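All values reported here derive from a predicted model rather than from experimental measurement.
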Amino acid sequence: MAEVGPSRPPGPCLPAHQHCRDTRRAPKPPEDLMNTAMLRAVRVAPDGTYRPLTVPRDGEARRAALSAAVGGAPEYARYGRFGRGAVCAVVHETGRGDGLPSNWLATGFVARVRGGPLPYCLYGPVVLLGYDPHTRQLADLGDEDRATVEQLAVRRSAPGAPHPPQGGPTTADERTVPRPSLRPRKT
């Protein structure tokens, strides 16, 4: 005689059924779950050093990670390019006012992305991320942009390379450091 078990309704079972709870296994998470939940970024310090950084893609966790990386409330500055992805520089919201040092490597990178000099300098640690202007979402910093940061850092560290001093001003007057001009010079 065949064993008669609990009656099973046709079709998929509901989780409340005992026979489903006993045999149900949790679905295996995808192997690249961490890759999709995190963004690849680069953190550039004012002394010209940089390191890769992963940042949560969404929510309060991203804000907390960026706040820790820049040392305060994060401010997002987006810089675009025609026909290609843009970048987002995350800076300390009141970095200059708080006396954070100039970040010439991040400023140079953003100037290269824009295709021209910035009329201001970025201050303090900067986190560089990708940005999609069509969806208005942060994205991974592309390999080409990461290579550009590395090239600029190597060029700046070469002996005799012309670059502004790192850190705070070496004189009482910060205006002695050459700044890009908003107006072209008359010749």
Exercise. With Arg78, which residues qualify under side chain to side chain contact (heavy atoms under 4.5 Å, CB included), at least two apart?
Worked result: Tyr76, Cys88, Tyr131

Problem set entry | Contacts of Thr94 that satisfy side chain to side chain contact (heavy atoms under 4.5 Å, CB included) - sequence neighbours left out | His92, Asp98

Exercise. With side chains defined as the heavy atoms from C-beta onward, is the minimum distance between Leu53 and Val127 less than 4.5 Å?
Worked result: yes

Could you give the distance from [atom1] ([X]) to [atom2] ([Y]), rounded to the nearest 0.5 Å?
| X | Y | atom1 | atom2 | result |
| --- | --- | --- | --- | --- |
| Met38 | Asp140 | CE | CG | 10.5 Å |
| Leu105 | Glu150 | CG | CD | 11.0 Å |
| Phe109 | Tyr79 | CZ | OH | 11.0 Å |
| Arg57 | Leu138 | CZ | CG | 9.0 Å |
| Arg62 | Leu129 | CZ | CG | 8.5 Å |
| Asp47 | Trp104 | CG | CH2 | 15.0 Å |

Minimum heavy-atom distance between [X] and [Y], given as atom pair plus value:
| X | Y | answer |
| --- | --- | --- |
| Tyr123 | Ser102 | CE2-OG, 3.4 Å |
| Pro101 | Pro46 | CG-CB, 3.7 Å |
| Val90 | Pro74 | CG1-CB, 3.6 Å |

For this session: Just do the side chain to side chain contact (heavy atoms under 4.5 Å, CB included) check on Val91 and Val70 with the steps written out, would you?
Result: CA-CA 6 Å; Val91 297; Val70 298; 5.7 Å; no

Side-chain ([X]) to main-chain ([Y]) donor-acceptor, under 3.5 angstrom:
| X | Y | result |
| --- | --- | --- |
| Thr54 | Arg40 | no |
| Asn103 | Gly124 | yes |
| Arg43 | Ala69 | yes |
| Thr49 | Ala45 | no |

Exercise. What do the steps show when you test Arg112 against Thr148 for side chain to side chain contact (heavy atoms under 4.5 Å, CB included), and what is the final call?
Worked result: CA-CA 9 Å; Arg112 172 138 334 156; Thr148 300; 4.0 Å; yes

For this session: Could you check Asp145 against Leu128 for side chain to side chain contact (heavy atoms under 4.5 Å, CB included), going step by step and ending with a plain yes or no?
Result: CA-CA 9 Å; Asp145 290 329; Leu128 300 170; over 6 Å; no

Problem set entry | Side-chain ion pair, Arg63 and Asp58, N-O less than 4.0 Å | no

For this session: Please assess Leu122 against Val110 for the test side chain to side chain contact (heavy atoms under 4.5 Å, CB included), listing each intermediate value before the final yes or no.
Result: CA-CA 9 Å; Leu122 302 177; Val110 169; 4.0 Å; yes

Exercise. Side chains of Asp132 and Thr135: is there a donor and an acceptor less than 3.5 Å apart?
Worked result: yes

